[in-house]
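Counting starts at 1 for both ligands and their atoms, in listed order. Side-chain atoms are counted along with the backbone in the values below, which use heavy atoms only and exclude waters and symmetry mates. Not measured: the values here are computed from a predicted model. For this chain, numbers begin at 1 and follow the sequence in order.
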Amino acid sequence: MEKVIEIKHLNKSFGNNEVLRDVNFSVSKGEVVCLIGSSGSGKSTLLRCINLLETPTAGDIIYNGTNILNDQHDIKRYRTHLGMVFQQFNLFDNHNVLSNCIIGQQKVLKRTKEEAKRNALNYLSVVGMEKYVNAKPRQLSGGQKQRVAIARALSMDPEVMLFDEPTSALDPEMVGEVLKVMRKLADEGRTMLIVTHEMEFAREVSDRIVFMDKGVIVEEGPPEQVLVNPSQERTKEFLKRTL
Ligand code: ADP
Ligand code: MG
């Protein structure tokens, strides 16, 4: 399969705290990969390194065959290929829903307002938020905000969607509506890398599960292997605590 993102020997330290150690893995076109592991194991740091919100200490990040860590690479352009969804939504609070989904398209992708609006409305309807175009984020529930954040990311037409615990800040009754949208994207064949604690969801949507502990990838494979018959003791312990 064609690799979209390939991580090689990635290391990241904050001072003398080694947060990622020799991380190697890849995401192929159309693949859904879920990254699981205890809090503090380095999952967010790994996602933040992939979109260069953090600078890796060592290693390579290869996007469609090109190493994006070499100096010549246009980082701004690279970032437009990745859609990021955060735990805390990160919507622009003083902009309405539609505007949240348009700004980036106009500023970064230089699309016309009409073009950006058409695209935004399309994705707002994919996430079921087309009726809320004029609402401000404060008028929305957590689940609605997160669906808008997903529509905003999709509006940039990224090649890969990165999710960092998109349901962890939600009230339990709102988790389902967000997972439903993500499941739909997975079914459409989008390339997705998802950090999640929702094991049932991970089992159902993933092509592959990656388990991280203390900054290293301990085990990876198809969900039925990693979640049902893990080969590593640390994976078994984690699952016992989680399930
Ligand atoms: P996870 O997402 O798996 O919970 P994180 O990637 O957030 O883990 O954190 C892994 C480790 O990196 C933690 O020990 C955390 O304190 C540390 N860390 C993360 N971000 C920073 C930062 N900006 N500065 C210093 N330490 C950080
Ligand atoms: Mg995290």
Side-chain angles (χ1 to χ4, degrees), residues 5-27 32-61 68-69 75 79 82-91 142-143 145-147 149-150 152-153 158 160-172 174-175 178-179 181-182 192-203 205-206 208-221 223 226-227 230 232-243:
I5 293 176
E6 199 174 359
I7 308 294
K8 287 187 179 170
H9 306 297
L10 196 79
N11 283 264
K12 176 65 184 175
S13 300
F14 293 105
N16 49 20
N17 184 11
E18 256 195 324
V19 172
L20 298 176
R21 279 178 293 151
D22 197 23
V23 170
N24 297 281
F25 85 108
S26 62
V27 182
V32 177
V33 178
C34 280
L35 184 56
I36 62 171
S38 311
S39 173
S41 57
K43 305 179 301 296
S44 295
T45 303
L46 178 54
L47 283 199
R48 292 170 61 81
C49 281
I50 291 174
N51 63 18
L52 299 182
L53 287 172
E54 299 286 357
T55 310
T57 311
D60 293 323
I61 298 174
I68 52 127
L69 291 178
I75 287 171
R79 282 217 187 97
L82 310 175
M84 180 86 183
V85 177
F86 301 90
Q87 188 175 335
Q88 296 296 345
F89 327 123
N90 296 10
L91 293 174
K145 277 191 257 202
Q146 195 58 299
R147 286 187 283 141
I150 293 172
R152 179 178 61 177
V160 184
M161 286 288 287
L162 307 175
F163 294 87
D164 192 358
E165 298 197 34
T167 61
S168 293
L170 301 178
D171 291 333
M174 288 164 194
V175 170
V178 172
L179 294 182
V181 167
M182 294 170 67
M192 296 161 69
L193 176 57
I194 306 166
V195 175
T196 186
H197 288 292
E198 297 289 336
M199 292 302 151
E200 185 62 28
F201 168 78
R203 190 176 62 75
V205 305
S206 302
R208 197 147 44 85
I209 302 240
V210 177
F211 170 62
M212 264 182 89
D213 189 40
K214 300 192 176 78
V216 301
I217 291 179
V218 174
E219 177 160 8
E220 66 172 301
V226 176
L227 297 180
Q232 301 297 313
E233 213 45 51
R234 279 196 273 174
T235 319
K236 289 178 196 168
E237 277 163 32
F238 169 77
L239 292 173
K240 222 184 290 171
R241 274 183 276 126
T242 315
L243 297 177

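Residues A153 and M161 come closest through the heavy atom pair CB-CE, 3.7 Å. Heavy-atom minimum distance, L69 versus G59: CD1-O, 3.3 Å. In plain terms, the two heavy atoms of M212 and S41 that are nearest each other are CE-O, 3.4 Å.
Distances from the Mg ion (ligand 2) under 2.8 Å pick out these protein N/O/S atoms: S44 OG.
Salt bridge status for E237 with R234: absent, with no side-chain N to carboxylate O gap under 4.0 Å.
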request  = For the pair N11 and L20, evaluate side chain to side chain contact (heavy atoms under 4.5 Å, CB included) and give the outcome as yes or no after the intermediate values.
outcome  = CA-CA 5 Å; N11 283 264; L20 298 176; 5.7 Å; no
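With sequence neighbours excluded, the residues satisfying side chain to side chain contact (heavy atoms under 4.5 Å, CB included) with R79 are L52, I75. E165 is linked by a salt bridge (charged side-chain N to carboxylate O under 4.0 Å, His left out) to nothing, counting only residues two or more places apart in sequence or in another chain.
The only member of V27, L46, L193, I194 that meets side chain to side chain contact (heavy atoms under 4.5 Å, CB included) when paired with L162 is L193.
Listed as neighbours of ligand 1 are F14, N17, V19, S38, S39, G40, S41, G42, K43, S44, T45, E54, each bearing a heavy atom under 4.0 Å from the ligand.
A distance of 10.0 Å separates CZ of F163 from CG of L179, quoted to the nearest 0.5 Å.
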